[in-house]
Amino acid sequence: MGKDVIVALDFDSKEKTLAFLDRFTEEKPFVKIGMELFYAEGPSIVREIRCRGHKIFLDLKLHDIPNTVKKAMAALSALDVDIVNLHAAGTAAMMTAALEGLTRPDGTRPLLIAVTQLTSTDQERMERELWIERPLAEVVMHYAENAAQAGLDGVVCSPLEAGAVHERCGENFLTVTPGVRFADGDVGDQKRVTTPAKAKELGSDYIVVGRPITQAEDPAAAYRRCREEFIG
Ligand code: C5P
């Protein structure tokens, strides 16, 4: 898979989601289904969107004992999605088990990427609540390396971290990066944002874009603009 824009389907119902997708008459964007939509509608929403011809990043961030994650990943793999994810904090044993569970009888599997530290966790909370007393940027890089060593395909990170992740974990280790805004757009609750063009320059492999596309007056036009800036 090459560089692409992934549209975050942050909706709470099937109706809203399909009405949004119906607005794309010419293209079939790569989409991200997160916990909100998946827990509201269940696996059938994944099957329905797949049937419509979209590639899917299923963003469920698994974190449990290795055996449970392995079995859950097998169930997700059967949904024929393209990317799934987990928390690197679950350790290498959990990540390896996840890869085993994801691998289908014919040897194929969805890409597996890791969340390092959530962007909602800051240095102060990490030290005070998690008792991790290292600079946050080092922790992120260490977790990325753990994921690479366990055989995962990449991480979710900020475009600002993409270069460092590639340097440490290899050019082929994927960086899937949210926190993207148009230069003239609303930042919303995102703290550190980059434009699609800047994300390209910084080496992101996939950008995950939600509100700049979902809330746009013309989502298909916003999506095309995003692709144009990111892929060219
Ligand atoms: O609307 P917006 O473009 O901010 O949406 C970004 C998407 O990426 C949301 O689905 C959000 O949950 C997700 N995400 C994020 N930051 C992370 C991890 C995931 O914004 N660190």
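Computed from heavy atoms alone, side chains included, the values below leave out hydrogens, waters and symmetry copies. Counting starts at 1 for both ligands and their atoms, following the listed order.
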Item to complete: For side chain to side chain donor-acceptor pair (under 3.5 Å), just list the numbers for T108 and R104, CA-CA rounded to whole Å, side-chain angles, deciding distance to a tenth of an Å, and then say yes or no.
Response: CA-CA 6 Å; T108 63; R104 305 179 183 113; 3.2 Å; yes
Item to complete: Would you please write out the protein residues whose heavy atoms approach any atom of ligand 1 to under 4.0 angstrom, listed by chain and number?
Response: A8, D10, K32, T119, P178, R181, Q190, V208, V209, G210, R211, P212
Worksheet item: For D184, which residues count as a salt bridge (charged side-chain N to carboxylate O under 4.0 Å, His left out) partner, sequence neighbours excluded?
Response: R225
Worksheet item: Hey, what's the ring geometry for F24 with Y223, parallel, tilted or perpendicular (30° and 60° as the breaks)?
Response: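 F24 and Y223: perpendicular rings.
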Worksheet item: For the residue pair H87 and H63, does the interplanar ring angle fall in the parallel (under 30°), tilted (30 to 60°) or perpendicular (over 60°) class?
Response: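 H87 vs H63 ring planes: tilted.
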Worksheet item: Which residue pairs satisfy the salt bridge (charged side-chain N to carboxylate O under 4.0 Å, His left out) criterion with at least one member in residues 133-159, sequence neighbours excluded?
Response: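 Only R109-D153, R134-E138, E145-R168 qualify under salt bridge (charged side-chain N to carboxylate O under 4.0 Å, His left out).
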Fill in: Non-neighbouring partners of D22 that pass side chain to side chain contact (heavy atoms under 4.5 Å, CB included), sequence neighbours left out
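Here the qualifying residues are R52.
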